[in-house]
Structures are given as structure tokens and as C-alpha cells.
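Per chain, numbering begins at 1; letters A, B, ... match sequence-line order.
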Protein chains: 2
Amino acid sequence: MGMFVKEVANLVGISVRTLHHYDDIGLLSPDQTSEAGYRLYSNENLEMLQQILFFKELGFPLKKIKEIITDPTFNKREALELHREMLLDKRKRLDTMIATLNKTIKHTKGEIFMSNKEKFEGFNFNSNPFEEEARKRYGDQAIDESNKKIGRMSPTEQKELGESMNNIYRKLANLRHESPDTKKSQAAIEEWYHLLNKMGSYSLEAFKGLGQLYVDDERFTKNIDQFGEGLSIFMSKAMAFYADSRMKE
Amino acid sequence: MGMFVKEVANLVGISVRTLHHYDDIGLLSPDQTSEAGYRLYSNENLEMLQQILFFKELGFPLKKIKEIITDPTFNKREALELHREMLLDKRKRLDTMIATLNKTIKHTKGEIFMSNKEKFEGFNFNSNPFEEEARKRYGDQAIDESNKKIGRMSPTEQKELGESMNNIYRKLANLRHESPDTKKSQAAIEEWYHLLNKMGSYSLEAFKGLGQLYVDDERFTKNIDQFGEGLSIFMSKAMAFYADSRMKE
DNA sequence: TATTGACTCTTACGTTACGTAAGACTTTAA
DNA sequence: TTAAAGTCTTACGTAACGTAAGAGTCAATA
């Protein structure tokens, strides 16, 4: 009982060397070995391998995978549910890419116009595929995620949008002594949300995290409070309220 | 006019280093450089970059990408069409993986049984993602594709199916003096087709290619003709007829 | 029973596609 | 004019294997 390396390799479509490698780094070592020292993979080994391959498909580095699956709190079922979410996300990105491709084909035919930004929709998934969803459950906090997004805006984009941003900042500054959950405040913060989504895609969660950053990270605090003292705190609250109320829908 | 490295990097979601690298290996060198030697990317450069990223998404190594796009016969539009096909294929695989995942979740709950083979459906895309579709247009012929599939059957699988295979071989050997397109012959060859699809997925095209191999490659010819002289030729014809008639449907 | 062919093992260097860091120059905003 | 941010080249580091060599195992065959 137990399968030899090549059988496993054939079954799952990977190389023998890969299995050796996984053994070498302690990611997946077979339960048993034969008399002659041949690796014998059990059914449990195979199921673990399946999990590993799911993680890999989603872009996790092997080191991280090892950390995750050897963590005593690792829950197999939970991981599978996460895999599903992430795979669905990946499919969305793929669909976006296909849409981009179709547009591009039309574009080469001269039928439509395409902005440079549009040409790369679907690729531009926020940096690492895994870093995105993974933080939610494994490691770190989701906060510096939004931090990064800000850092990735290009100078030209920043210029293009700088004006609009200033306008909204001023509008919010004028409201900052009201409560953050009035209709006016929420309408203004919604503008802010839409503006941000023009340059990167912000989930409501990320939006809320960003708001948190406004009070946690003084680089933001300083910047924002130039438009009026206490604006950062006000925005942070308004953003949280906006995100929470919309997430209930 | 022209974008700096970081602008491009931000736009498409890759690193500056990556762009440097592509320049180093001659995959994508900017049209212009500034006085100070800064790289300046034109719109055409961006479009080429888009193509490169499509190829990359599909698993092509950079070296191969370079070959392809510097080939004088390279046709941009044709490439885009190919990209679309391949992306659709990729989505299919992803869907298969998601289905596998759903099954696995049920399996962990004990609701259903799952064979080892089922556990890896979607991963087991036939070896290289790119080698598959790519051969159709770029390089080589599709023939040795089926060759590989045969080579990848594991010993145990071969044993399991060896008996059934022999039965079909014998059945076909008895028919080999009839015409390959009679109902009997076609029914037998259909059994053969279904049997093969138990162990790997054969498109009708690949099936036909395999049949061709039976007469082209003497390793096959010898083996098959053990069951009766001329069987390989007979099977080859029958397989071609079967594939052609079913492809018209 | 000897041999052959297909697997297996370990060891180890090679490769791809960048990451990361260092040191120096440029450009822009303050 | 000085700081901050961006850019350059050079170069070593890294992840995830690929590939090759030399040697032992195992089953089937001559």
C-alpha cells in the first residue's frame, strides 16, 4: 500500500523532481519508505499534496505554504473554503483579462479607442495575488494593503486626480465639525470612495482600513490635516461608518 | 512624450526591476532614452508589453516570447486571437479546479466518495500549459502530443487497463479485414476512444493524431501488429474516420 | 540465472525570472 | 541648495525546480 513517486507524479501532473524537492524542504514527506528506501505515498499524503497544489495555484510561495499547513491551528476545511473564494477571484481576473483582450482586438481593428490604463486591466491585480486575500486570515493585518495601493499611483495619475482630490478634501474640511454620519458627510465621503476606486479597486473593507490608516500613520495624518485640523479623524470615522453601513446591504 | 519606468510599472502592475530585466535580455527595449539615459516608453512599447504579458500569463518562458515576437512572420492580430482561445482554455481548467474543490469539500464532510484521480482534476492539465495550444501554430506538430500522453500512464494504471485494452485489440484484430468505416468497426473503435479517455483526455484531434502515430512510429506499429498483421493500419484509418465524422457534428 | 529496461536513490551544478542592495547621477519641489 | 524621489548600472541572492551523473532495485525476459 502506497504509491511510488512516478505514479504520484503521473496522477497529479507534476514531475518526480518536484516531489523530491518537496521532500527535501520538508513540505511533503511520504509516510513510509520501502525496504530499499523508495518513497511510498499514502492517501493522506495525496490529500495534503492536493492542498499544497491549491495554495500553489494561488501563488503562495512554498515556504509560506509550509508555514500554513504545519501551523497547529491549521484547519483543513477552512482552508478549502478560502481556496474556493480565491479561485473565484482568480476567475474574475481572468474574465477581466479576456474582456481586455476582446477590447484590444477591436482596438487593433480601429473600431474603438482604448486608454493605456484599460490596456492592462486584469493584469494589474493588486501586486501579489496571494497577499491580497491571504492577509485576511493568515498573517499581518489588512491595513498596510491600502498603504501600498496609494504608493503605487504614478505621478501623472496623481497630477490628473490631484485637483479632484483637493476639492473633496476642502469639501470634507468644511464638514468636519458635523457628525461623520450625516447625509452630507456621507455623500462627500462617497465621492471620496468613488474617486479612489478610479485609480485602484478598493473593497469596502480596504476602504475602512485606509481610514484607519489616516489616524494611525502620521504621514497621512499630517498630509490630510493640512486642509483643516482634525480632518483625518473625521474622515476616518466617516469612512468606517460608510463602509459598515454599505456592508450590511 | 514617453513614460518613465516607474509610471509604466505602476500602470501595469509590475516592478521596475522587471522592466529593466526585459530590457537587459532584449525582450522589450524602450524606443527612446532621455538625455540622462532614462528609459522612455512609447505607446507602441506599451502595446508590445501588453502582448508580452499575455504570453507570460499563459506560461510562455521569456525566451520563447522573444522568439515569437521578433519573428518576422509574427502577426499581432493572430496572436491576440490565440491568446483569447488559450485564456478561455485556462478558464475551463480553473472551472474544473473549482469543481474539484467543491467535491473535495463534500468529501471531507463525508458526503461523497472521491477517487484519487478525481482529486487532481484541473491540475493535471496535460504537462505544459503552453506547449499544448501553442504547437498548433508555433513550432513542431501536434502529433507527438499524444505520444507524450501515452508515456505518462503509470504502471499501475497500465495494468488496470491492460486487460480491457487487450480485449479491444483482439476485437479489432478480428475486424481488420473489413472496411474501417463499417458500423462494427466504428463501434469497436469508439470503445477504444472511451477507454483512452479514461486515462487522459483525448480530443478528437489528438485521437486522430494518435492513430497517425500508429503507422508513423514503429514502436507502436510493432506493438499493435502483435495482435494481427495490418492491425495498426486498420486502426489508424478507423480512428481517422471516427474523429472526422464526429467533428462534423 | 543473467540480463535488460524501467524505476529509484542521492548529490550537485545549472537555469529562469526576477528581488534586493549599493553607489552614483538627475530631476523636481520647497 | 538642499532634500526627496526617481533613475542608472553592477552584482550578488533566491525560489523552484531542471538536468545530469553514478549507483542501487525490481520485474520481466532471454
Side-chain angles (χ1 to χ4, degrees), chain A residues 2-10 12-30 32-41 52-53 55-57 59-67 127-128 130-131 150-156 158-159 162 219 222-223 226, chain B residues 2-10 12-30 32-41 52-53 55-57 59-67 127-128 130-131 150-159 162 219 223 226:
Chain A
M3 297 171 72
F4 291 126
V5 265
K6 201 178 184 193
E7 292 179 88
V8 178
N10 289 332
V12 312
I14 62 181
S15 73
V16 170
R17 178 67 234 268
T18 298
L19 286 167
H20 282 176
H21 184 58
Y22 291 174
D23 192 0
D24 287 346
I25 64 175
L27 177 60
L28 180 71
S29 299
Q32 296 190 10
T33 55
S34 76
E35 290 259 316
Y38 287 15
R39 293 171 179 79
L40 290 174
Y41 292 85
I52 290 171
L53 292 184
F55 276 112
K56 215 187 113 190
E57 173 72 21
F60 286 74
L62 301 185
K63 207 173 174 182
K64 197 84 189 173
I65 299 179
K66 189 182 170 186
E67 277 178 36
S127 74
N128 276 332
F130 93 94
E131 231 179 315
I150 295 286
R152 267 206 315 284
M153 296 179 199
S154 76
T156 37
Q158 287 186 350
K159 274 177 197 164
R219 286 173 302 174
K222 275 187 185 173
N223 234 319
Q226 288 176 348
Chain B
M3 297 172 71
F4 291 126
V5 264
K6 201 178 185 193
E7 292 180 87
V8 178
N10 289 333
V12 312
I14 62 181
S15 75
V16 169
R17 179 65 234 267
T18 298
L19 287 167
H20 282 177
H21 184 59
Y22 290 174
D23 193 358
D24 287 346
I25 64 176
L27 178 59
L28 180 71
S29 300
Q32 296 191 9
T33 56
S34 76
E35 291 258 316
Y38 287 15
R39 293 170 178 81
L40 290 174
Y41 291 85
I52 290 171
L53 292 184
F55 276 112
K56 214 188 110 190
E57 173 73 21
F60 285 73
L62 300 186
K63 207 173 175 182
K64 195 86 190 172
I65 299 179
K66 190 182 170 187
E67 276 178 38
S127 74
N128 275 334
F130 91 95
E131 231 179 315
I150 296 285
R152 268 208 312 287
M153 297 177 196
S154 77
T156 37
E157 273 184 317
Q158 288 186 352
K159 275 178 199 165
R219 286 173 302 174
N223 234 318
Q226 289 177 348

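Taking CD1 of Ile14(A) as the start and CG of Leu19(A) as the end, the distance is 4.0 Å to the nearest 0.5 Å. The distance from the CG atom of Leu27(A) to the CD1 atom of Ile65(A) is 6.5 Å, given to the nearest 0.5 Å. Atom OH of residue Tyr22(A) and atom CZ of residue Arg39(A) lie 14.0 Å apart, to the nearest 0.5 angstrom. Going from atom CZ of Phe60(B) over to atom CD of Glu67(B) covers 11.0 Å, rounded to the nearest 0.5 Å.
Within the 4.0 angstrom heavy-atom criterion, no nucleotide atom of any strand lies near Val16(B).
For Tyr41(B) and dT7(D), the OH to P distance is 10 Å, given to the nearest whole Å. Atom CG in Leu40(A) sits about 11 Å away from atom P in dC26(D), given to the nearest Å. Between the C1' atom of dC17(D) and the NZ atom of Lys63(A) lies a distance of 17 Å, rounded to the nearest Å. Atom NZ in Lys56(A) sits about 11 Å away from atom C1' in dA15(D), given to the nearest Å. In this structure, the CZ atom of Arg17(B) is 15 Å from the P atom of dA22(C), given to the nearest Å. Protein atom CD of Glu7(B) is 11 Å distant from nucleotide atom C1' of dG6(D), rounded to whole Å. Spacing between atom CE of Met3(B) and atom C1' of dT7(D) amounts to 15 Å, rounded to whole angstrom units.
Sorted by residue number, the members of residues 32-39 of chain B with any non-hydrogen atom under 4.0 Å from DNA chain C read Ala36(B), Tyr38(B). Within residues 18-29 of chain B, the residues approaching DNA chain C are Thr18(B), His21(B), Tyr22(B), by heavy-atom distance under 4.0 Å.
Side-chain atoms of Lys66(B) come within 3.5 Å of backbone N or O of Ile25(B) as a donor-acceptor pair.
In this structure, His21(B) and Leu62(B) have side chains that are in contact, with non-hydrogen atoms separated by less than 4.5 Å. The closest side-chain heavy-atom distance from Tyr41(B) to Val5(B) is below 4.5 Å.
DNA chain C is contacted by both Phe4(A) and Leu62(B); Phe4(A) maps to the nucleotide lying nearer its 5′ end (nearest heavy atom per residue).
With His20(B) as the partner, the side chain to side chain contact (heavy atoms under 4.5 Å, CB included) test is satisfied by one option alone out of Thr18(B), Asp23(B), Val16(B): Val16(B).
Remark: Phe4(A) pairs with Glu7(A), Tyr38(A), Leu40(A) by the side chain to side chain contact (heavy atoms under 4.5 Å, CB included) rule, at least two apart or across chains.
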